[in-house]
Amino acid sequence: APPDLKDQAIGASLGMVTGGRVTPGGLRVEGHYLYQLAETDWFDGTAAFTFGGGGAACFRDRANEFMCDHGLASGKGVEITAAVRHFFAGSGNFWPFARVGVGIGIDRFSDDEVTGVAIPLHAGAGMRTTLTPEVALTVLADVELGIGLFNHSLGWEPQVGAVISAGVEFGL
């Protein structure tokens with residue numbers, strides 16, 4: 001694990017997430033809390049907020065079924081995720097890692113008055129770069145796959161998204 005990474009750290013990241021249908025996409029702002037679990041593993045608790053645009057994109061089809069087809073950067077969401085970050089052997093100040101976890105969130109498409117509760121699984125890979133003994137930069141590519149329960153007779157709908165973000169971490 002990175003020799004400068006303390007047993008606890010906090011961080012913030014900014015990125016973009018793709019959505020579609022009833023998965024919100026747009027600007028992603030995240031806060032992280034890291035806690036060391038083992039020599040190379042850290043708990044990564046995340047609070048994430050998604051801010052997308054878009055207008056109404058739900059309709060009734062010929063069979064009178066209510067459907068939604070929002071764009072890649074539509075909707076809003078808030079999510080709390082519990083993940084494990086595993087560090088691989090690094091070189092100097094560069095330390096690659098993998099991240100897996102599960103979250104729970106609320107997704108909202110206000111122009112259609114569609115709201116749901118989502119449970120996404122997360123899997124991703126990233127790189128941590130040490131700047132000083134107390135500060136590091138991170139980049140992360142993450143895939144989100146899950147399911148959500150929505151109102152307006154939508155019921156259970158798949159949740160699929162991809163996130164690319166960059167952030168900063170501070171040792172505690």
Practice item. Walk me through it: do Val114 and Asn151 pass the test side chain to side chain contact (heavy atoms under 4.5 Å, CB included)? Key: CA-CA 6 Å; Val114 170; Asn151 64 343; 3.8 Å; yes
Worksheet item: Within a strict 4.5 Å, meaning less than it, do heavy atoms of the Thr23 and Asp107 side chains meet?
Response: no
Step by step, work out the side-chain hydrogen bond (donor to acceptor under 3.5 Å, both in side chains) result for His70 and Asp112.
CA-CA 10 Å; His70 293 99; Asp112 291 309; 2.7 Å; yes
Relative to the ring of Trp42, is the ring of Phe87 parallel (under 30°), tilted (30 to 60°) or perpendicular (over 60°)? perpendicular
Show me the donor-acceptor pairs, under 3.5 Å and distance only, between side chains in residues 93-104 and residues at least two apart or in other chains.
| unit_1 | atom_1 | unit_2 | atom_2 | d |
| --- | --- | --- | --- | --- |
| Trp95 | NE1 | Gly92 | O | 3.1 |
| Arg99 | NE | Asp44 | OD2 | 2.9 |
| Arg99 | NH2 | Thr46 | OG1 | 3.0 |

In this structure, OG of Ser165 is separated from NE2 of His32 (nearest 0.5 Å) by 6.0 Å
Salt bridge Lys6-Glu169, side-chain N to carboxylate O under 4.0 Å: no
- Side chain proximity check, Phe150 to Thr115, heavy atoms < 4.5 angstrom: no
* Asked: Is Phe49 close to Arg28 at the side-chain level, that is, under 4.5 Å between some pair of heavy atoms?
  -> no
Next on the checklist: Side-chain heavy atoms nearer than 4.5 Å, only ILVMFWY residues, links allowed to pass through others: does that put Leu14 and Val139 together?
Outcome noted: no
query = Applying the 4.5 Å side-chain criterion to the ILVMFWY set and letting contacts propagate, would Leu5 and Leu140 be lumped into a single cluster?
reply = yes
On a heavy-atom basis, the closest approach of Gly75 and Pro24 is C-CB, 3.9 Å
So disulfide bond (SG atoms under 2.5 Å apart) across residues 57-117, not counting sequence neighbours, yields Cys58-Cys68
For Glu65 and Asp61 the tightest heavy-atom approach is N-OD1, 2.8 Å
Is any side-chain heavy atom of His122 closer than 4.5 Å to one of Thr81?
yes
Besides Leu137, the hydrophobic cluster formed by Ile, Leu, Val, Met, Phe, Trp and Tyr side chains linked at under 4.5 Å, directly or via other members, contains Ile10, Tyr33, Tyr35, Leu37, Phe43, Val84, Leu131, Val135, Val168, Phe170, Leu172
On a heavy-atom basis, the closest approach of Phe109 and Ser74 is CE2-O, 3.6 Å
So, Thr18 side chain and Ala162 main chain: donor-acceptor pair closer than 3.5 Å or not? yes
Exercise for review: Evaluate the ring-ring contact (aromatic ring centres under 6.0 Å, His included) criterion for residues Phe88 and His86: first the C-alpha distance (whole Å), next the side-chain angles of each, then the deciding distance (0.1 Å), finally the verdict.
Suggested key: CA-CA 7 Å; Phe88 299 101; His86 175 80; 4.9 Å; yes
Report yes if the side chains of Gln8 and Leu34 come closer than 4.5 Å at any heavy-atom pair, otherwise no.
no
task = Indicate if Ile106 and Val29 have the same hydrophobic cluster label, given that clusters are the connected sets of ILVMFWY residues with side-chain heavy-atom separations under 4.5 angstrom.
result = yes
Quick check on Ile80: does its CD1 atom have over 12 non-hydrogen neighbours (other residues, nucleotides or ligands) under 6.0 Å away?
no
(Q) Looking at Glu113, I'd like to know if its CD atom is crowded, meaning that more than 12 non-hydrogen atoms belonging to other residues, nucleotides or ligands lie closer than 6.0 Å. (A) no
| query | Taking NZ, NE, NH1 and NH2 as the nitrogens, is one of them in Arg128 or Asp4 under 4.0 Å from a carboxylate oxygen of the other? | reply | yes
(Q) For Ile164, I'd like to know if atom CD1 has over 12 heavy atoms of other residues, nucleotides or ligands within 6.0 Å. (A) no
### Task
For the residue pair Val160 and Glu144, establish whether any side-chain heavy-atom pair is separated by less than 4.5 Å.
no
Interatomic distance, CZ@Arg62 vs CZ@Phe59, rounded to 0.5 Å, equals 11.0 Å
**Request:** Identify whether Ile119 and Leu121 are in the same connected component of the hydrophobic contact network (ILVMFWY, side-chain heavy atoms under 4.5 Å).
**Result:** yes
- request: Without swapping roles, check the side chain of Thr130 against the backbone of Thr132 for a donor-acceptor pair under 3.5 Å.
  value: no
Practice item. Would you indicate whether the side-chain heavy atoms of Glu30 and Ser13 approach each other to under 4.5 Å? Key: yes
